[in-house]
Protein chains: 4
Amino acid sequence: MPRPSRWPEVMAAAAKVFRAKGYHGATLEDVADEVGMLKGSLYNYISSKEELLFSVVRPPAEQLLSEARALAAEVVPAPEKIARLARVHAGVLAEHFVYASVYVHEVAGLGRYPEWAAMDSEYVRLVRAVLAAGVAEGSLRTDLDLRTAPHVLIGALNWLTRWWDPDGPIGAAEMADRISGVFLDGVRA
Amino acid sequence: MPRPSRWPEVMAAAAKVFRAKGYHGATLEDVADEVGMLKGSLYNYISSKEELLFSVVRPPAEQLLSEARALAAEVVPAPEKIARLARVHAGVLAEHFVYASVYVHEVAGLGRYPEWAAMDSEYVRLVRAVLAAGVAEGSLRTDLDLRTAPHVLIGALNWLTRWWDPDGPIGAAEMADRISGVFLDGVRA
Amino acid sequence: MPRPSRWPEVMAAAAKVFRAKGYHGATLEDVADEVGMLKGSLYNYISSKEELLFSVVRPPAEQLLSEARALAAEVVPAPEKIARLARVHAGVLAEHFVYASVYVHEVAGLGRYPEWAAMDSEYVRLVRAVLAAGVAEGSLRTDLDLRTAPHVLIGALNWLTRWWDPDGPIGAAEMADRISGVFLDGVRA
Amino acid sequence: MPRPSRWPEVMAAAAKVFRAKGYHGATLEDVADEVGMLKGSLYNYISSKEELLFSVVRPPAEQLLSEARALAAEVVPAPEKIARLARVHAGVLAEHFVYASVYVHEVAGLGRYPEWAAMDSEYVRLVRAVLAAGVAEGSLRTDLDLRTAPHVLIGALNWLTRWWDPDGPIGAAEMADRISGVFLDGVRA
DNA sequence: AATGAATGAGGCTTCATTCAT
DNA sequence: TATGAATGAAGCCTCATTCAT
């Protein structure tokens, strides 16, 4: 597909509309209205509605995965890695908030699109590996359940797309620290 | 609406299909196929597709809210309340897994259906109140951010709908304890 | 596909419209108008426009081929076989005139639909075999070009769909005899 | 319309594409792709798709008609005229094969375009007149049906567009002779 | 209660055509 | 002359909904 001049506008409009109404609940006419063109004109930019979804969802997915891979490869104590992972995760969410919300709503963990299943589960495995290393090195609790724990962290972070306003008073780094703080040390006095 | 004999089958089919494809992505024909009737026959049970969604989503929503209200009213230390709240939450998820998944995917935190916004936010306030009481009574950390913390717990629990198999090896109570364990005491050694 | 009550009406309307405007030039709304229903209602009868084309075109194609096969298997002198083949061909055209016209316009010899190519070329081979047998038995000219001759007969017969009115003064048998008469004995005095 | 430098390429591409997919089945983008330009650029050459069809179809139609008129005016025995008419017809087909195929598929005998009906039927009348003269002069059979016979010859010739390769082993003159041979003298031994 | 069949609105997509550059 | 991008109409198809039986 060519990426003509108004491509970024089209992407932003699609992300906004998909987030507000859901992928299936949104129509291409909604998207076109948001851009200020006719629905047929969208086909200068895309080849199908589904391809538009993938275009919206790809940037945050790829960025999160590549940053997480890089981080996982570093040699750093697990607690610090977890804190930095939360920052990366929240940072990607904040940077591409609408796009990432669409990923979280429509793709993450749902197994609806085989194309994305591999990426999706690789991220879970990366987080699990970080936790496992922490248990091995003694910085995390020995009794930690490695099946559950990664999903707890990921769920808490992904759930940000349902209530957080990344342009509000709590920024991405601050938010990441709060979540990783609870995850690492709990809320008990 | 009359609720004739095959009403439970209809509900179960709708929940299953809505969970698999999403509300907008699912068609009434999908639901009818699942029940083993023609789509037109569904209108002996429902008055519209949206009413069917609400019927699917109401039982877990009402049960969770009423159990949470009852729990919140008890006089119990916050850490124990949190553990029991997690059990209630995971218990409702497990009991109505498909139905609850639809609630989580289509309703929770999205603000798409005004009818559900009040219930939805009341639950967050209940959890927040439990945490606030814990801070006040000294059983939870003083520096706990009460805007964020309820969403961390709720997010981790709701995210169960994306990966947990309630009929798998980890039962609801066990799962609730693991999640509330991490939430209360963290994962650090 | 189910074949509900108005299936024959749908077929007849489609054949009529496809013949008048060509398959691609005709719209499903044209067909629906002809039947007296809405275009969406057609999908109670068909699964796609192309399937409708195939349904229209199948009866004459299959009938012609099966009758031609039966005829080819008989033991009869070639000139008589040719005359009877022409009667079969013109008879199928007359019986399913609109449907057969669509076959001739949209399918025969065009190679546009792989599904039909085999049937299409089998018929040519059948005719060629009849002619070859005639040459072998001495009832047809020794210098007959077997590559060309079958197409001459088939072309003359198929061309009927462009000018003949099967409900006009010249009936199918009479017409077949005239064409096979020219083909067998020529027009020279 | 101006006829700028790449006009012949445009015509050739249109003929090729119209022949392969049919006029309505082909898109201007198909044509433009074949030329190697964008579809909008075609409007430097044409004013509408239909005009393009007419441009494609005009050369063979006019050439055949004018050559047939000239031939019909000569004073020559009917059998020879028929043989030469077949050569003219096959010659035009061969010279403009793709263009002529489009004429045969989309125009001949269909009555879809009033602009062409007169030319189309004039040709039939010319052939019929040749045959009628032959009957009158005694060189053709007295019992020849003059309604049918011209269409037999024309049909056999036009059907060449469905199976003949004019660049193959049998050239136009040879092919014309075979067809007129069958038409004049039949295939019987 | 269920079916068969229809409706009508609307969604995705295509495509002839236009136009500023 | 060609391009890039748009328009607008229309086409195929889907689907929630209705209704006579």
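Residue C:Leu38 has its side chain nearest to E:dG8 when only E:dG8, F:dT7, E:dA2 are considered.
A salt bridge (charged side-chain N to carboxylate O under 4.0 Å, His left out) with C:Asp30 is found for exactly one of C:Lys49, C:Lys16, C:Lys21, namely C:Lys21.
At least one side-chain nitrogen or oxygen of C:Ser5 sits closer than 4.0 Å to the OP1 or OP2 atom of E:dA5. Using a 4.0 Å cut-off, no side-chain N or O of C:Arg6 falls inside it from OP1 or OP2 of E:dG4.
Rounding to whole angstrom units, OH of residue C:Tyr45 and P of F:dC13 are separated by 17 Å. A:Asn44 places its CG atom 14 Å from the P atom of F:dG8, with the value rounded to the nearest Å. Going from atom CG of C:Asp30 over to atom P of F:dA10 covers 12 Å, rounded to whole Å.
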### Task
Scan nucleotides 13-21 of chain E nucleotide by nucleotide, 5' to 3', and note B when protein non-hydrogen atoms come under 4.0 Å of the base, S if they reach only the sugar-phosphate, - if neither.
BBSBBB---
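If B:Gly36 and C:Leu42 are placed on DNA chain E by their nearest nucleotide, the residue sitting closer to the 5' end is B:Gly36.
Evaluation of the salt bridge (charged side-chain N to carboxylate O under 4.0 Å, His left out) rule for D:Glu106 yields no partner, not counting sequence neighbours.
Interatomic distance, C:Tyr103 OH to C:Leu64 CG, rounded to the nearest 0.5 Å: 8.0 Å.
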### Summary
Applying the Watson-Crick and G-U criteria (both distances under 3.5 angstrom) with [ ] for crossing and | for other-strand pairs, one obtains for DNA chain F .||||||||||||||||||||
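Nearest heavy-atom pair, A:Tyr113 versus A:Glu50, reported as atom, atom and distance to 0.1 Å: CE2-OE2, 3.4 Å.
Taking the six-membered ring where tryptophan is involved, the planes of B:Trp7 and B:Tyr45 are essentially parallel, since the angle between them stays under 30° and well short of 60°.
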